[in-house]
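In each ligand, atom 1 is the first atom listed, and ligand 1 is the first ligand listed. Worth knowing before you read on, the calculation uses all heavy atoms, side chains too, and leaves out hydrogens, waters and symmetry mates.
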Amino acid sequence: MSGRRKMTRRELLTRGALGAVGVAATAKAVAAAEELARLELPHDPINASTVGTVTDTSLDPMAFLEEFDFGQVSTLPGGQTLRTFEIQAVDREIEIAPGVFFPAWTYNGQVPGPTLRATEGDLVRVRFQNLSPHPHTIHFHSMHPANMDGVFEVVQPGQTFLYEFVARPFGLHLYHCHTVPIRKHISKGLYGTFIIDPKDGRPPAHEMVMVANGFDTNFDGDNEVYAVNTVAFAYQKDPIVIRKGELQRIYLVNMLEFDLVNSLHLHGNLFHVYRTGTSLQPSDYTDTIMMCQGERHVLEFTFDEPGLFMFHAHQSEFTELGWMGLFDVVEVLA
Ligand SMILES: [Cu+2]
């Protein structure tokens, strides 16, 4: 680079408008414009990321993506399947970006909590122990009796509560603490996914769970870090390898606090949307889906081209603060 001052975009435009500048000057201006374009291109989004790696291996986004807790399974005398889940509320520091630790309130020491999975018609029992110093509950979305709703029966530190209900209807549901102030209990990390499978299941697919979340690291009532499955840029640094031609299914849940709207946008493809997962017929075919807190969708798609494809929030601010990942579409899985 010479020491010459770079032209601003405005100066270039002005010169371009002056026809008297002549061909040579125009050529110069074009060259300068090209240089400017090169220099002023936004950073390659791949490089919009964190530096270093998360050292706390107890939160593994890649493992979490495909981890389902089917509970302890037994059959009741009438033939009904009983699934018993154990959930403990514990306070724990979690690493949400390299070197960034967040004092979380967790279900079973992880954020999001375990992905609970049952089949429609199962009897679900959740033994909830509050081992934290704060009162908490588990409020499940889906259908259940009023006293199993996890709102009025606050579970005090040291107490245990048994939630019991029949899993219905099939769909993509969620659970979260419903103790006031709720936005604090949710933003601290007390939420998870609750899948109720249809009795006859869904078509075979590679299944993934993505819980969109964020973290208020300076406690000002706004998020500084955004993600799916907690760790900022986790799937950008370590792309999710999927197979070309294989049906992909994302159970996408939005648990983001403070921000009113979140979204997912998929590059190079479109997906079928099963809103709340409560129908086996898709209601939409698109590449961007918007969600407020608590909304969730089952997304299905198949890539017919190999390569790296991005997925991210289409709120660019969230994307650049961590809510971004990549699918590495390959011909054959290694
Ligand atoms: Cu709580």
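- Using a distance-only test at 3.5 Å, with no hydrogens or angles considered, no donor-acceptor pair links the side chain of T115 to the main chain of T193.
- Remark: the H206 side chain and the E66 side chain contain an N/O donor-acceptor pair separated by less than 3.5 Å.
- A ring-centre distance under 6.0 Å is found for F161 and Y163.
- Defined by atom type and a distance below 3.5 Å, a donor-acceptor pair is present between the side-chain atoms of K237 and T50.
- Using bins of under 30°, 30° to 60° and over 60° for the plane-to-plane angle, the ring pair H139/H178 lands in the perpendicular bin.
- For the Cu ion (ligand 1), the count of nearby protein N, O or S atoms, meaning those under 2.8 Å away, is 3.
- F303 and F327 have tilted rings, their planes meeting at an angle from 30° to 60° on a 0 to 90° scale.
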